[in-house]
Amino acid sequence: MERKFKLCYVSDECVACGTCMKVCPKNAISINNGIKAKVDPDKCIGCGKCAKVCPASVMRIGERI
Ligand code: SF4
Ligand code: SF4
């Protein structure tokens, strides 16, 4: 049976402050080219911590197919 789990999406309004990166318990976030946070879906457990601390509120938790 295929497992479904949540992951985090980042919209283009990300200001690359790095706050989300510091709170992620799985080290799933990196700053892509210094302009936008990127989430590794294989590491993300969908805890939502990054979305809570993002000052620009650009992170969303979604369902992985
Ligand atoms: S939802 Fe949790 S595990 Fe996934 S990127 Fe955000 S802080 Fe990391
Ligand atoms: S906390 Fe928000 S604005 Fe800052 S790097 Fe992460 S997604 Fe981008």
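Counting convention: from 1, in listed order, for ligands and their atoms alike.
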Run the numbers for me: atoms of ligand 2, each under 4.0 Å from some heavy atom of Val58, listed by number. 2 (Fe), 7 (S)
With a cut-off of 4.0 Å, which atoms of ligand 2 are near a heavy atom of Ala16? 5 (S), 8 (Fe)
Give me the nearest non-hydrogen protein atom to atom 6 (Fe) of ligand 2 as residue plus atom name, then the distance to 0.1 Å. Cys20 SG, 2.3 Å
Under 4.0 Å to a heavy atom of Ile45 - the qualifying atoms of ligand 1, by number: 3 (S), 4 (Fe)
If I compare all heavy atoms of Pro25 with all of Lys49, which pair ends up nearest, and what's the gap? CD-CD, 4.3 Å
Contact check: Cys14 to atom 4 (Fe) of ligand 2, N/O/S below 2.8 Å: no
Does Cys44 bring an N, O or S atom to within less than 2.8 Å of atom 4 (Fe) of ligand 1? yes
With a cut-off of 4.0 Å, which atoms of ligand 1 are near a heavy atom of Ile29? 5 (S)
Check if Pro55 has a non-hydrogen atom at a distance under 4.0 Å from any atom of ligand 2. yes
Could you pull out the closest heavy-atom pair between Cys24 and Ile29, with the gap in Å? CB-CD1, 3.9 Å
Has Val23 got any heavy atom lying under 4.0 angstrom from an atom of ligand 1? no
For atom 2 (Fe) of ligand 2, what is the closest protein heavy atom, and at what distance to 0.1 Å? Cys54 SG, 2.3 Å
Note: ligand 1 atoms sitting under 4.0 Å from heavy atoms of Val39 are 5 (S)
Interfacing atoms of ligand 1 (cut-off 4.0 Å, heavy-atom, Gly46): 1 (S), 4 (Fe)
Below 4.0 Å, non-hydrogen atoms only: which portion of Cys17 touches ligand 2? Side chain, backbone, both or neither. both
With respect to atom 3 (S) of ligand 2, which of Val53, Val15, Ile35, Asn32 exhibits the smallest heavy-atom separation? Val15
